[in-house]
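Reviewing the structure listed below.
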Protein chains: 2
Amino acid sequence: MDIKKAMEILRENGYKNTSQRKIILDVICKQKRPYKANEIFNMVSEATSGINFSTVYRNLELFLNLGIINKISLNESFNYYELSTGKHRHHIICKLCGVVKEIDLCPFKDMEISELEKLGFEPKEHKFEIYGICSKCKNNMIK
Amino acid sequence: MDIKKAMEILRENGYKNTSQRKIILDVICKQKRPYKANEIFNMVSEATSGINFSTVYRNLELFLNLGIINKISLNESFNYYELSTGKHRHHIICKLCGVVKEIDLCPFKDMEISELEKLGFEPKEHKFEIYGICSKCKNNMIK
DNA sequence: TTTAGTGCAAACGGTTTGCACCGCT
DNA sequence: AGCGGTGCAAACCGTTTGCACTAAA
């Protein structure tokens, strides 16, 4: 997923190509880790002026529905957003500095699916997150 | 963990043994699945009158700090609470009716831990949740 | 020109907090 | 008696919404 593809999805679905959307998408496409809504708002505000928080939220919601981005809820009172990559992702979260990083690991196996289906439960999605101490914080603790 | 053990933990840590705490603990000890704060509040209110939401929240927070209960945050704007069992737990959540159920399955393996440690990340806890359709909702769909 | 999108301000909903009173210990 | 706990009401904070104006198609 890149900004061109995202704009195409918007157009195909009859949504307008506004300057605000372009800037929000630009910020999201450049991100190296999942961002909070207010981080996205701040970065968007650096690029333009007068954009409103509700515009950011409304568009995050729209991008979410169109599958352009994913929403991640962790053990916190706010959500994170990241560019959709097709395959599902999992994250590690530092308990000290709060940084969120994507990992390749997925522990969900066919065996477990059949285990659940025995219970009559049909799994659709899953979430896997690991909380711990990142290398940066570990180094700071030693110093 | 049962109500006696919980009261003991409170006493040992110098907290008072109030009637409100007894009722909240009683509700939590009887629960068959994780409850939302407002579910706990409603059940507590049935048992007594005049109890305040802030008392429930303050005590949930306290019980959490003392390890009596666990807090579970899912993809929703509120949290769930369940009695602490020593071993960590995972959950399945129905995407239709929202019911939360505990499962025994844990997909986190030693192999994965060492994988993470290579990155310099020290895992402490993890979260694993499966979203899908429960048997009850599946049956309702067929009818 | 039409209709979706935006900015603004106010509302929302779960949670937290300040304060005076209450009731364990 | 002293101080932790409670009820109350208001604040908090991330998010959502109603409305009139703006701008993309």
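Only heavy atoms go into these numbers, but all of them, side chains included; no hydrogens, no water, no symmetry mates. Throughout, protein chains are lettered first and strands after them, A, B, ... in sequence-line order, and every chain is numbered starting at 1.
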What do the steps show when you test E125(B) against K95(A) for salt bridge (charged side-chain N to carboxylate O under 4.0 Å, His left out), and what is the final call? CA-CA 10 Å; E125(B) 297 143 29; K95(A) 294 182 72 159; 2.3 Å; yes
Report all interatomic pairs (protein N or O, nucleotide N or O of nucleotides 18-24 of chain D) with separations under 3.5 Å.
from: dG18(D); atom 1: O6; to: R58(A); atom 2: NH1; distance (Å): 3.3
from: dA24(D); atom 1: N3; to: K16(A); atom 2: NZ; distance (Å): 3.3

Within this structure, what is the [atom1]-to-[atom2] distance between [X] and [N], rounded to whole angstrom?
{"X": "K22(B)", "N": "dC24(C)", "atom1": "NZ", "atom2": "C1'", "answer": "10 Å"}
{"X": "F53(A)", "N": "dC8(C)", "atom1": "CZ", "atom2": "P", "answer": "14 Å"}
{"X": "N79(A)", "N": "dG14(D)", "atom1": "CG", "atom2": "P", "answer": "11 Å"}
{"X": "L10(A)", "N": "dA25(D)", "atom1": "CG", "atom2": "P", "answer": "10 Å"}
{"X": "N13(A)", "N": "dG5(C)", "atom1": "CG", "atom2": "P", "answer": "11 Å"}
{"X": "E12(A)", "N": "dA25(D)", "atom1": "CD", "atom2": "P", "answer": "15 Å"}

For the CG atom on N65(A), are there more than 12 heavy atoms of other groups (residues, nucleotides or ligands in this structure) within a distance under 6.0 Å?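 Atom CG in N65(A) is packed in, count exceeds 12.
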Donor-acceptor list for residues 4-18 of chain A side chains, cut-off 3.5 Å, not counting sequence neighbours:
from: N13(A); atom 1: ND2; to: I9(A); atom 2: O; distance (Å): 2.7
from: T18(A); atom 1: OG1; to: R21(A); atom 2: N; distance (Å): 3.1

Is it true that Y35(B) and V99(B) fall in one hydrophobic cluster, defined by side-chain heavy atoms closer than 4.5 Å?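 Each belongs to a different hydrophobic cluster.
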Do F108(A) and L119(A) share a hydrophobic cluster, counting only Ile, Leu, Val, Met, Phe, Trp and Tyr and linking them when any side-chain heavy atoms are less than 4.5 Å apart?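 Result: yes, single cluster for both.
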Between D26(A) and K22(A), is there a side-chain N and carboxylate O pair less than 4.0 Å apart? no
Side-chain heavy-atom pair K127(A), Y131(B) within 4.5 angstrom cut-off: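 K127(A) vs Y131(B): side chains touch.
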Those residues of residues 25-51 of chain B lying under 4.0 Å from DNA chain D by at least one heavy atom: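 Here the set is G50(B), I51(B).
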Can you tell me how far CD1 of I72(B) sits from CZ of R33(B), rounded to the nearest 0.5 angstrom? 10.5 Å
For dG5(D) and N52(B) - does any side-chain N or O of the residue sit under 4.0 Å from the phosphate oxygens OP1/OP2? no
